[in-house]
Structure formats: C-alpha cells, structure tokens
Amino acid sequence: MMPKKRSVDHLVYCQRALDRLAQIAERQSTRPDSMPRAITEREEILINLYSNCRLSMTPQAFYRKWPVNQADIGNICCRSTYAVNTWLAQGAR
C-alpha cells in the first residue's frame, strides 16, 4: 500500500522522471508491437513510476511484450528471483 502523504523527494523524483520521459519521447522511433524487444529506458522509468499502482498484466502478456526473465521481473519489482518464481507458481495473475 502506498503512503497517503508523499515526500518532497518523491515528487522531485517523479518530476525528473517525467522530464526524462519527455526527452526520450522526442527522439524515440516507432516499431511494430508484434515482436518482443528489450525494455527501453522510457519503459523502465514508467514501470518504476507505476510500480505501486494496482494495474494488472498477466505474466504471459508481460513476457509477450518484453524479452524478460524471472530475474528481470524481480529487479523491476525489487524482489528476489525466488519471490517471482513463487508468484508465478501461484497462478496466472
């Protein structure tokens, strides 16, 4: 659960992240969504910004979108590979 009151540091971090996203968007090229690809810096920033939201994506959908493994997902979620393996063993979500 997210704290109700955000720190100034968090707001500064979010603003810096949003500024960086704007810079990246200016020079980003488009490519078809049909093939998995490496996670870009832009997507990493977005994942970090939204990591505490209650949005959901199945592991299967995440694997189709990006070529990641359990260690990568653990890194994104700030958890161990063991924890990710435990989550994935529990079901589709």
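The structure displayed is predicted, hence computed values, not measured ones. Residues: numbered from 1 along the sequence shown.
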*Considering residues at least two apart in sequence or located in another chain, which fulfil the salt bridge (Lys or Arg N to Asp or Glu O under 4.0 Å) criterion with Arg20?*
Glu41
*Would Asn69 and Ile73 satisfy side-chain contact (heavy atoms from CB on, under 4.5 Å), going step by step from the backbone distance to the final call?*
CA-CA 6 Å; Asn69 58 34; Ile73 292 174; over 6 Å; no
*With sequence neighbours left out, what residues match Ala61 under side-chain contact (heavy atoms from CB on, under 4.5 Å)?*
Met57, Thr58, Arg64
*Set of residues satisfying ring-ring contact (aromatic ring centres under 6.0 Å, His included) with respect to Tyr63, sequence neighbours excluded*: none
*Taking atom types as modelled, find out whether Asn48 and Glu44 have a side-chain donor-acceptor pair closer than 3.5 angstrom.*
no
*Which residues satisfy the side-chain contact (heavy atoms from CB on, under 4.5 Å) test with Asn85, sequence neighbours excluded?*
Gln70, Thr81
*Gap between atom CZ of Arg42 and atom CD1 of Ile45 - 0.5 Å precision*: 9.5 Å
*Nearest 0.5 Å please: distance from the OG1 atom of Thr40 over to the CH2 atom of Trp66.*
8.5 Å
*For the residue pair Asp72 and Val68, what are the closest heavy atoms and their distance?*
OD2-CA, 3.3 Å
*asked:* Once rounded to the nearest 0.5 Å, what's the spacing between atom CG of Leu18 and atom CD of Gln23?
replied: 11.5 Å
